[in-house]
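Comments concern the structure below.
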Amino acid sequence: MLGIPLFLHKQCCVMTERRKQYPFDHAEKKWQQIWETEKTFRCLNPGDPGFDPSKPKYYALDMFPYPSGEGLHVGHPEGYTATDIVSRYKRKKGFNVLHPMGWDAFGLPAEQYAIRTGQHPRITTERNVDRFRHQLKRIGFSYDWDREVNTTDPDYYKWTQWIFLQLYNCYFDEETRKARPIADLEAKGLSGKEIDEKRLAYVAEVPVNWCAELGTVLANEEVVDGKSEVGGFPVERKPMRQWMLRITAFADRLIDELDGLDWPIGIIKRQRDWIGRSEGAEVDFKVAGSGEILRVFTTRPDTLFGATYMVLAPEHPLVDQLTTDSQREAVTLYKEDVSRKSDRDREEAKEKTGVFTGGHAINPVNGEQIPIWIADYVMISYGTGAIMAVPAHDDRDFEFATKFGLPIVEVVQRPENQSGDGCFSGQGVAINSPLIDGLPTAEAKSKIIAWLESEGAGEMKVNYKLRDWLFARQRYWGEPFPIVWENGRHRPVSVDELPVSPPDMDDFKPTGTIDPPLAKATDWVRYSEAAMRETNTMPQWAGSCWYYLRYCDAQNSDRFVGKEAESYWLGGGNHGGVDLYIGGTEHAVLHLLYSRFWHKVLYDLGHVSTIEPFHKLVNQGLIMGEDGRKMSKRWGNVVDPLDVIAEYGADSLRLFEMFMGPLEQVKPWSTKGVEGVHRFLARAWRMFMEADQEGEWKISDRIQESEPTKGQLKVLHETIKKVTEDCESLSFNTAIAQMMVFVNELTHEPVRPLSVLVEFLNVLNPFAPHITEELNEQLCAHFPSLGNRTIADQPWPEWNEEYLIQSEIEFVIQVNGKLRDKMTVSVDIGNDELEKLALDSEKIQPFTEGKTVRKVIVIPGKLVNIVAN
RNA sequence: GCCGGCGUGGCGGAAUGGUAGACGCGACGGAUUCAAAAUCCGUUGGGGGUGACCCCGUGCCGGUUCGAGUCCGGCCGCCGGUACCA
């Protein structure tokens, strides 16, 4: 195995040599070095020396990555390349462009690694960040690295904690629908306890997904099949004291204020669905033979007369009290049964189950007694955990009633055009409902709600699927809360104590109890004689909620973002907010919702100038492995951008990322495809350069300071137009195709006018910044008339429609919509003449012979269609 | 089940209701070469014809239109999201 056959080895070297069709390796490193040392893409803020206030601003943002131990794969730079092209394009269009990058670096993997190895998460995090930064720099992105942020940096999380204190120190005012300082409440004379109940950051005892093995609570989406997603450890539901954020107060605004946003409709819809607003009524049912009241939520109060039984969630607090002795055993068994089922089991159960409690409730509209059942198709976590069952008009109730032989009473007349029997859950006209008979559903609803309200038996109610945000984690590697506890009460630390840094520890293992690892740092926890520090940390979402704000003014040590910087980068322009935000769909709901929530609070408190943070959002599609499977270690199909760069160069990588297909689409990686765009760049190179006898590259003799021909101007201006429009619409794949067309044409020209080639370098530059700068430099050295300049500084060229006009146009002649002939005629030919030419065409004759020409349609500049039969 | 998105050559993909398949990959043929690689030129949706040309073709069925990949209705398939939300 030791002796590698020599010929193989040799062939291998030859392969590498042959692929370097132009000296990309040297040129790319050179220009990256220049950009680094000269801070070419440094972006100035208002007030900075040299800042040009006359330019419009453009903020192009990437979703910043979690710097994992694996490094980037070629999927990551897809969105980054898109924003980088737009950034470089906009700079050339005369914008001040903010294009930053940073690290979402708190998180579980670094902590898990620390638990296994004892190595401090700061060390691994730093190493991973270095690797990510190195990879990104090798791709040649035009980030302003002076604005790099890292959520684990004390200068950063200081302000994360500061924002938490803003949330802690304000409440939601129902009247103005705005966050207000709690000073308002103090002025009104509310007690400390009453105020604590209104804060946007509050403490509550809530059931959580507790994973003892990981020693932390998990979000619902981190629990799969009743086990932790990471490690597969058992997860149990248990009530725990937790920090919560009152996002539900903003539910309506989070829906309504989506309106002006330029987001994919799918994402808007998912946000709406997640918030899950539904309008209806809460109705009180008295429990027969006791003073208890059972409250239910329904979106169809108009069907109240059809409620033939009631169902409580098995976990409902009144179940035990309602259960009669004869049913007690069955109820207890059922509850045990349900508690053993995982959420997944419960969801997948096809057959409805449930038991009768023995108790009865009284329907407020007609005084009828209806049986009370418990069943696991009713969830304790939604509405009131109890429903009135209307089997005639609800599919689930219908299924349940049919199975258990419960009565079904129709109270909505289905419209005549909708036939069928069984359950009807649509809108119709109320029947068998004395108070509302004959009314269509909408009116019936409002009348019955008015009646309930007058009787004190219910009220209109809006329910949301959205829950308050569980904001605490039992972890080490996260932002500590700037909170201390004294005599069972919490209070904030003073702002000048920020940042509250995590203590240095060697042992990051979970404590084995519900106490977070920070509890082990007893010196740190003891804040004073009487007060103890909060030992929970914030979830990873916290740092990513506001990083786009910090980029505006990343070095500011007095404020989370300077007022002027914030209002310039986020407030200016036609709309507010980030002008372009590109990232994956995996953040369609949570990250974007949480960010929007914080932003709105900061807006209400006067700290930011827009109601929404992200004006335009685009999701890039996943890049699959070459085998069509998702890129993962498991399949061994992961492609490292650095390997691609070593073989074909960064420009080829960038170009191929964009050439694969539409940005939003899922598409597979292809090494052959990279070779394709690499060949294109090599052809572009050879359009400028040729190798002399010694194999040295020099400017081609065919490039001359000559007048361009009409044809050359035409293809150039077509290219400028196409690339400009495609940059605006993010259709980079077709922009590249057009540039290929340009190179194919110009390559064949015996003389290539300098002016034409220079403009081409301008449009190619945002896509392939290294090769274009290198060629430009060579041109400048050879043609003194160009002066000494860089391509990135040159303005984006305008296209001239005049050059696009052709003197002769090829017309298509159709008979009955089918292509039969083509002819080339002068552009200024009249429609009548064209029509005549078409009818007289020899090739057309056979198709019109013996037929009557009914109509001739002439589309100027395109075609003639003869209708004949 | 429900809600999105998408079905176009061997493959990735182009096509303001107006020449379907731009551009790229692959394949085939040729030039160059001792030979190869690289490069350059040509062909490349299917079928028929010596040929000029002809017929068929954008998942399937129907509709609107002078004209449909594109618009409308109904199906089928794939991908993503979501799930007893009362």
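Numbered from 1 within each chain, the chains take letters A, B, ... in sequence-line order.
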task: Round to a whole Å and report the spacing from CZ of Phe847(A) to P of C53(B).
output: 11 Å
Nearest to the side chain of [X], which nucleotide is it out of [options]?
X         : options                : result
Thr734(A) : A15(B), C41(B), A86(B) : A15(B)
Val741(A) : A86(B), A14(B), C23(B) : C23(B)
Met379(A) : C3(B), G12(B), A86(B)  : A86(B)
Gln814(A) : G24(B), A86(B), U19(B) : U19(B)
Met740(A) : G24(B), A86(B), U16(B) : G24(B)
Ala737(A) : C40(B), A22(B), G12(B) : A22(B)

Please determine if [X] and [Y] form a salt bridge, counting it only when a charged side-chain N lies under 4.0 Å from a carboxylate O.
X         : Y         : value
Glu626(A) : Lys672(A) : no
Glu459(A) : Lys461(A) : no
Glu690(A) : Arg702(A) : no

statement: Ranking Lys722(A) and Gln738(A) by the position along RNA chain B of their nearest nucleotide, the one closer to 5' is Lys722(A)
task: Report the residue (Asn463(A) or Lys818(A)) whose heavy-atom-nearest nucleotide on RNA chain B is the more 5′ of the two.
output: Lys818(A)
message: For a quick test of reading the model: is some side-chain N or O of Arg820(A) closer than 4.0 Å to OP1 or OP2 of U19(B)?
response: no
message: Within 90° of 0 counts as syn, otherwise anti: where does G9(B) fall?
response: syn
